[in-house]
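In listed order, ligands and their atoms are each counted from 1. Atom set for the values below is all heavy atoms of this structure, side chains included, hydrogens, waters and symmetry mates excluded.
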Amino acid sequence: MSHNILILPGDGIGPEIIGEAVKVLNALKAEGSLDMELQFAKLGGSAYDAEGSPYPESTQKLAKASDAILLGAVGGPQYDNLDRPLRPERGLLGIRSHLELFGNLRPAVLYKELANASSLKPEIVSGLDIMIVRELTGGIYFGQPRGIETNEDGERFGYNTLVYKESEIERIGRVAFDIAMKRDKRLCSVDKANVLEASELWREVMERIAKEYPEVELSHMYVDNAAMQLVMKPKQFDVMVTTNMFGDILSDQASMLTGSIGMLPSASLNASKQGLYEPSHGSAPDIAGQNIANPLATILSAAMMLRYSLDQGELADRIEAAVQTVLANGLRTADIYEEGTTKVGTAEMGDAVIAALAK
Ligand code: NAD
Ligand code: IPM
Ligand code: MN
């Protein structure tokens, strides 16, 4: 069966890093191991420039009809003053919500070759393998009401609503428990239940689901402590599950433990395992167009796509092994470069992964 994959290059470094992931997918197709058709569409600032909307109807249709979607990144300073509904980030939130991609998996895995690139001491991070499960279509990102208004004293106020329905907590909880079952069976739920009612409910629901998974050891941690524990003793974590905003912040933090934000892939899944795959980082406007961005998070996101949406776990394993080989061969983009290694550009890194795949 041919898989129908939609490619959304996006903005900034998006087209450069997505180009490398597409090269890897095409290499697998050329050797006959992957039956797929690629289509391309616009999301974010590039879509706004071309069609006046960050998530135009043409993209919506292709997205809905695809088996899986691979995205670069969206956003850029030239769009920051647009009306909020027109901004690139709203396009990204729009596609996540439209396809109900509530389950966001962000694996922070340290390749042993990068132990010295981590911002923490090698002994603290060696062997690190954390799966962060982030709720992606609810919470303060989407809660109503929201806005900026002026009160009766003439002072402006901005507000957002943090709200979670039990059903939303339950479904992300099940994703996290299911993943924990396939790993070390330890799940840490991160919340702020000492202050927030939404977190109180979150904790209660997690406890309830835990009864269905007696083998999984569930613990709870307040988010401020979790941020501290992540840099003090990160290997204590196996699977973490948390809300949309806490997961956004903690996953960027965890990425640095693995050497660079340029190493952290992600999968965003819905109930029918249709998925959007993207690096966890943004469009990095500061380095766009220079062939220096690290394409590995995007290439590893393509591997996650093969594993989670296309049922091609062996191909995913091969891509991950190829990334490891390239790192073992000493190739590094600027963000993970250290003395004694060889600095390469975005395209050269992609080529090296393909060469390692072929062996
Ligand atoms: P960012 O992740 O784009 O960049 C943060 C820092 O990390 C920058 O110094 C950047 O150069 C570096 N970096 C990021 N990816 C890299 C890579 N692959 N290789 C090497 N270095 C890399 O975050 P930001 O600067 O806060 O945001 C820039 C824009 O991206 C904003 O418009 C933001 O809204 C958007 N954004 C989009 C996504 C997404 O599309 N999923 C995610 C985060 C931010
Ligand atoms: C991410 C990004 C997005 C988020 C933004 C760009 C909407 O930071 O994918 O982590 O906050 O979810
Ligand atoms: Mn983020």
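The part of Leu92 lying near ligand 1 is the side chain, judged by heavy-atom distances below 4.0 Å. At a heavy-atom cutoff of 4.0 Å, ligand 1 is contacted by the side chain of Glu89 but not by its backbone. Only the side chain of Pro285 comes within 4.0 Å of ligand 1, counting heavy atoms alone; its backbone N, CA, C and O stay farther away. Both the backbone and the side chain of Asn294 come within 4.0 Å of ligand 1, judged by heavy-atom distances. Using a 4.0 Å cut-off between heavy atoms, Val74 contacts ligand 1 through both its backbone and its side chain. Heavy atoms of Arg134 found under 4.0 angstrom from ligand 2 belong exclusively to the side chain.
The nearest non-hydrogen atom to atom 8 (O) of ligand 2, considering only Ile249, Asp248, Val74, Leu264, comes from Asp248. Checking Ile261, Asp252, Leu264 against atom 7 (O) of ligand 1, the nearest heavy atom belongs to Ile261. Comparing Ile287, Thr298, Ile13, Asp80 against atom 20 (C) of ligand 1, the shortest heavy-atom distance belongs to Ile287. Closest to atom 36 (N) of ligand 1 by heavy atom, among Ser266, Gly14, Gly282, is Gly282.
Of all atoms in ligand 1, numbered sequentially from 1 with element shown, those under 4.0 Å from a heavy atom of Ala73 are 40 (O). Of all atoms in ligand 1, listed by their number and element, those nearer than 4.0 Å to a heavy atom of Gly76 are 32 (O). Within ligand 1, counting atoms from 1 as listed, the ones closer than 4.0 Å to a heavy atom of Ala293 are 19 (N). For ligand 1, the atoms closer than 4.0 angstrom to any heavy atom of Gly75 are 32 (O). For ligand 2, the atoms closer than 4.0 angstrom to any heavy atom of Arg106 are 1 (C), 9 (O), 10 (O). Numbered from 1 in the order shown, with element, the atoms of ligand 1 that lie under 4.0 Å from a heavy atom of Glu278 read 39 (C), 41 (N).
Within the 3.5 Å criterion, the main-chain N or O of Lys165 finds a donor-acceptor partner in the side chain of Glu168. Put simply, the side chain of Glu320 never gets that close to the backbone of Leu300: no donor and acceptor are under 3.5 Å apart. With hydrogens and angles disregarded, no donor-acceptor distance shorter than 3.5 Å links the side chain of Glu215 to the backbone of Lys185. One N or O on the side chain of Arg87 and one on the backbone of Leu82 form a donor-acceptor pair closer than 3.5 Å. A distance-only check finds a donor-acceptor pair linking the side chain of Thr59 to the backbone of Lys42 [under 3.5 Å].
Classification of Arg332 and Glu339 as a salt-bridged pair fails, no side-chain N sitting under 4.0 Å from a carboxylate O. Using a 4.0 Å cut-off between a side-chain N of Lys or Arg and a carboxylate O of Asp or Glu, Glu207 and Arg203 do not qualify as a salt bridge.
Remark: minimum distance from atom 3 (C) of ligand 2 to any protein heavy atom is reached at Arg96 NH1, 3.9 Å. In this structure, atom 11 (O) of ligand 2 lies nearest to the protein heavy atom Tyr141 OH, 2.6 Å.
Counting protein heavy atoms under 4.0 angstrom from atom 18 (N) of ligand 1 gives one or more. Checking atom 5 (C) of ligand 1 against the protein gives no heavy-atom contact under 4.0 Å. For atom 27 (O) of ligand 1, the nearest protein heavy atom lies 4.0 Å away or farther. For atom 31 (C) of ligand 1, the nearest protein heavy atom lies under 4.0 Å away.
In this structure, Leu327 and Leu331 approach most closely via the heavy-atom pair CD2-O, 3.8 Å.
Taking the ring-ring contact (aromatic ring centres under 6.0 Å, His included) definition, one finds that His98 meets it with Tyr55, sequence neighbours left out.
Ring geometry, Phe177 versus Tyr213: the interplanar angle falls under 30°, so the pair is classed parallel (tilted spans 30 to 60°).
In terms of polar-atom proximity, Glu89 is not counted as a contact of ligand 2, lacking any N or O under 3.5 Å from an N or O of the ligand. For His281, a nitrogen or oxygen atom sits less than 3.5 Å from a nitrogen or oxygen atom of ligand 1, counting backbone and side chain alike. The distance criterion of under 3.5 Å between nitrogen or oxygen atoms is not met by Arg96 with respect to ligand 1. Polar contact check, Asp286 against ligand 1: a nitrogen or oxygen pair lies under 3.5 Å apart.
Near-neighbour remark for the Mn ion (ligand 3): protein N, O or S atoms under 2.8 Å are Asp248 OD1; waters not counted.
Counting non-hydrogen atoms of neighbouring residues, nucleotides and ligands closer than 6.0 angstrom, the CD atom of Glu314 reaches no more than 12 such neighbours.
Between the side chains of Asp248 and Tyr141, at least one donor-acceptor pair of N or O atoms lies under 3.5 Å. For the residue pair Asn4 and Ser66, no side-chain donor N or O sits within less than 3.5 Å of a side-chain acceptor on the partner.
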